[in-house]
Protein chains: 2
Amino acid sequence: MLLNLSHTEENYIKAIYHLEQDGKPVSTNDLSELLKTAAASVTDMLKKLKQKKMVHYKAYYGCNLTEAGRKGALMIIRRHRLWEYFLSKKLGFSWDEVHDIAEELEHVGSTSLIDKLDAFLGYPRFDPHGDPIPDEKGHIVQQQNKLLSEIPLHLPVEVVQIGDQSAHILELLSDKNIRIGTLLEVRKRFTYDQSLEIKTGSKSITQISKELSQNILVKDHE
Amino acid sequence: MLLNLSHTEENYIKAIYHLEQDGKPVSTNDLSELLKTAAASVTDMLKKLKQKKMVHYKAYYGCNLTEAGRKGALMIIRRHRLWEYFLSKKLGFSWDEVHDIAEELEHVGSTSLIDKLDAFLGYPRFDPHGDPIPDEKGHIVQQQNKLLSEIPLHLPVEVVQIGDQSAHILELLSDKNIRIGTLLEVRKRFTYDQSLEIKTGSKSITQISKELSQNILVKDHE
DNA sequence: ATAAAAATTTAGACAAATCTAAAAAATATA
DNA sequence: TATATTTTTTAGATTTGTCTAAATTTTTAT
Ligand SMILES: [Mn+2]
Ligand SMILES: [Mn+2]
Ligand SMILES: [Mn+2]
Ligand SMILES: [Mn+2]
């Protein structure tokens with residue numbers, strides 16, 4: 001292990017990375033909920049991660065990743081997304097099956113393994129859900145995508161990313177034939193429940209709930 | 001996990017499988033040495049594996065795998081060897097680098113992952129060290145190979161398997177340009193230390209110690 | 001500003017896997 | 001057979017990651 005972190009510690013810093021917005025500290029409870037672990041256990045772990053200089057932490061305040069913690073998190077995310085790409089593109093898994101398996105593979109800690117896997121895959125820049133893959137130095141592109149819920153009517157857009165990545169949302173999208181690269185256009189927006197009627201491709205019309213529309217990221221299609 | 005075993009438990013049943021010769025029970029001390037774990041710890045684990053019906057165990061007697069234990073061990077060996085094949089053939093690792101990484105990958109427990117990996121690799125029958133890969137049902141071919149130390153002079157043979165698989169032996173073989181598939185012929189056998197002089201391919205002559213010759217498995221080359 | 005509610009930490013316990021040291025059983029040797 | 005040696009098990013601790021319950025701190029609401 002280059003990082004010298006246990007599987008559990010890796011999962012914590014990854015979770016902190018995902019919860020960190022701007023510079024705001026991440027609360028014990030948010031981690032507790034995301035990791036499905038008692039808040040008391042989170043407190044214990046934050047103390048340990050502080051000792052290992054992976055997080056800044058002050059009691060009753062919350063935590064933030066240190067620079068080392070951020071680098072570590074990006075490496076775990078790199079592993080996760082490269083494995084997802086491999087599972088999807090090489091082994092033929094569908095995009096809603098890859099996450100859980102990658103959750104285990106991401107903890108196999110050989111650096112040369114991941115760098116060779118990256119080369120074998122042809123240095124992919126995005127995983128099967130449209131999320132960017134950090135490079136070997138931990139650089140990650142920040143995308144400027146918009147939520148489908150905020151797109152004006154009749155503007156052609158392309159799906160580039162899915163926010164929430166539970167098996168449930170992926171199942172629903174699969175059913176609606178929506179995936180990364182799908183071209184969409186919002187036809188109507190209903191004020192009552194903020195649901196959308198969209199046109200996919202050239203023919204098919206489907207309804208999309210508010211929740212769903214807030215988890216589909218799109219970019220303008222020129 | 002289909003088997004519902006921890007990483008540690010998996011390592012134990014794999015170790016027991018490798019130590020089991022004929023029907024002879026495996027001793028606590030042999031396991032202790034192979035796993036580099038105190039004998040007292042092995043005793044504790046054997047009790048637990050007995051509870052889980054993975055081994056037959058009686059105090060002061062030793063242990064044997066149950067049918068379930070044997071099936072489990074074969075599945076772990078299947079994963080290990082398929083990953084070794086992948087690392088070697090797809091990612092370009094040399095055969096002496098793959099074992100340690102596979103030691104971690106073997107514990108990722110999705111059955112569909114391994115079966116799809118198997119298909120992706122084209123159902124290979126042998127790993128990079130020449131060891132047979134069990135199929136999805138746990139069937140494994142038993143090879144009838146001979147030790148180089150027991151081959152008569154001037155008989156052309158082909159290297160098919162390496163016994164011990166430490167990085168050290170693989171380094172030595174690599175230096176001598178001996179790998180799976182190499183054609184050999186024993187030229188002389190020195191009584192003093194039972195070292196061999198062998199001809200590899202058509203030109204190169206090299207010396208091989210007794211230890212090394214007892215870890216190179218060969219078959220007749222017709 | 002005070003009381004109620006929510007978030008967080010501390011305290012104490014537990015299961016898994018490990019260790020060392022001591023006791024017990026099996027095996028080898030004289 | 002009696003004794004010495006080796007092997008194995010038991011006893012008691014330790015580390016990691018977890019839990020529940022109780023105490024404390026912070027935030028929200030009256
Ligand atoms: Mn994922
Ligand atoms: Mn994980
Ligand atoms: Mn191996
Ligand atoms: Mn292992």
Side-chain angles (χ1 to χ4, degrees), chain A residues 1 3-16 19-21 24-65 69 72-73 76 103-104 106-109, chain B residues 1 3-16 19-21 24-65 69 72-73 76 103-104 106-109:
Chain A
M1 330 255 147
L3 293 168
N4 235 51
L5 297 174
S6 68
H7 288 201
T8 311
E9 290 166 339
E10 288 190 349
N11 283 337
Y12 271 87
I13 65 170
K14 191 175 62 142
I16 295 166
L19 288 172
E20 233 173 13
Q21 313 276 21
K24 289 198 207 82
V26 174
S27 77
T28 300
N29 256 9
D30 285 354
L31 275 169
S32 165
E33 192 187 358
L34 183 60
L35 296 170
K36 280 144 181 45
T37 300
S41 309
V42 173
T43 300
D44 288 346
M45 182 57 86
L46 289 178
K47 289 177 185 169
K48 203 196 336 171
L49 289 174
K50 181 183 181 172
Q51 278 228 313
K52 293 199 173 189
K53 299 191 196 294
M54 289 291 131
V55 302
H56 301 292
Y57 167 69
K58 254 168 69 175
Y60 295 102
Y61 169 83
C63 69
N64 283 102
L65 291 176
I76 299 156
E103 205 60 47
E104 290 192 64
E106 73 186 4
H107 300 291
V108 175
Chain B
M1 329 260 146
L3 293 168
N4 234 52
L5 297 174
S6 68
H7 287 201
T8 311
E9 291 165 339
E10 289 190 349
N11 283 338
Y12 271 86
I13 64 169
K14 191 174 62 140
I16 295 166
L19 289 172
E20 233 173 13
Q21 313 278 19
K24 289 198 207 81
V26 174
S27 78
T28 301
N29 255 11
D30 285 354
L31 275 169
S32 166
E33 192 188 359
L34 183 60
L35 296 169
K36 278 146 180 49
T37 300
S41 309
V42 173
T43 299
D44 288 345
M45 183 57 85
L46 289 178
K47 288 177 185 169
K48 202 193 341 168
L49 289 173
K50 181 184 181 171
Q51 279 228 312
K52 293 200 172 188
K53 298 192 197 292
M54 290 290 131
V55 301
H56 301 292
Y57 167 69
K58 254 169 68 176
Y60 294 102
Y61 169 83
C63 69
N64 284 103
L65 291 176
I76 299 156
E103 206 60 46
E104 289 192 65
E106 72 184 7
H107 300 291
V108 175

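Annotation for H107(B) and E104(A): closest pair O-OE1, 4.0 Å, computed over non-hydrogen atoms. Taking both residues in full, the closest heavy atoms of L46(B) and V55(B) are given as O-CG2, 3.9 Å, listed atom of the first, atom of the second, then distance.
Dashed line: the shortest gap from a side-chain N or O of S6(A) to OP1 or OP2 of dT16(D) is not under 4.0 Å. Contact annotation: N29(A) reaches the phosphate of dT8(C) (side-chain N/O to OP1 or OP2, under 4.0 Å).
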> Reading nucleotides 19-29 of chain C from the 5' end, what letters show protein touch, with B for base, S for backbone sugar-phosphate only, - for no heavy atom under 4.0 Å?
Replying inline: BBB--BSS---

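Within 4.0 Å of T43(A), counting heavy atoms only, lies at least one base atom of the nucleic acid. Residue contacts shown for T8(B) are limited to sugar-phosphate atoms, with no base heavy atom under 4.0 Å away. Y61(B) comes within contact range of no nucleotide atom at all, as no heavy-atom separation falls under 4.0 Å.
Of the possible donor and acceptor atoms, none in the side chain of E20(B) sits under 3.5 Å from a partner among the backbone N and O of N64(B). Within the 3.5 Å criterion, the main-chain N or O of L35(A) finds a donor-acceptor partner in the side chain of T37(A).
Between E9(B) atom CD and dA15(C) atom P the separation is 15 Å, expressed in whole Å. Taking atom CG of L46(B) as the reference point, atom P of dT10(D) lies 11 Å away to the nearest angstrom. Q51(A) places its CD atom 10 Å from the P atom of dT16(D), with the value rounded to the nearest Å. With rounding to whole Å, D30(B) atom CG is found 16 Å from dT6(D) atom P. In this structure, the OH atom of Y12(B) is 5 Å from the P atom of dT18(C), given to the nearest Å. Protein atom NZ of K58(A) is 14 Å distant from nucleotide atom C1' of dT26(D), rounded to whole Å. Whole-Å rounding puts the L31(A) CG to dT9(C) P distance at 11 Å. Atom NZ in K47(A) sits roughly 8 Å away from atom P in dA11(C) (whole-Å rounding).
Nearest to the side-chain atoms of M45(B) among the listed nucleotides dT8(C), dT10(D), dT18(C) stands dT18(C).
The shortest side-chain heavy-atom distance between K14(B) and E103(B) falls under the 4.5 Å cut-off. In this structure, C63(A) and L31(A) have side chains that are in contact, with non-hydrogen atoms separated by less than 4.5 Å.
Partner of L49(B) under the side-chain contact (heavy atoms from CB on, under 4.5 Å) criterion, out of D44(B), L65(B), I13(B): I13(B) alone.
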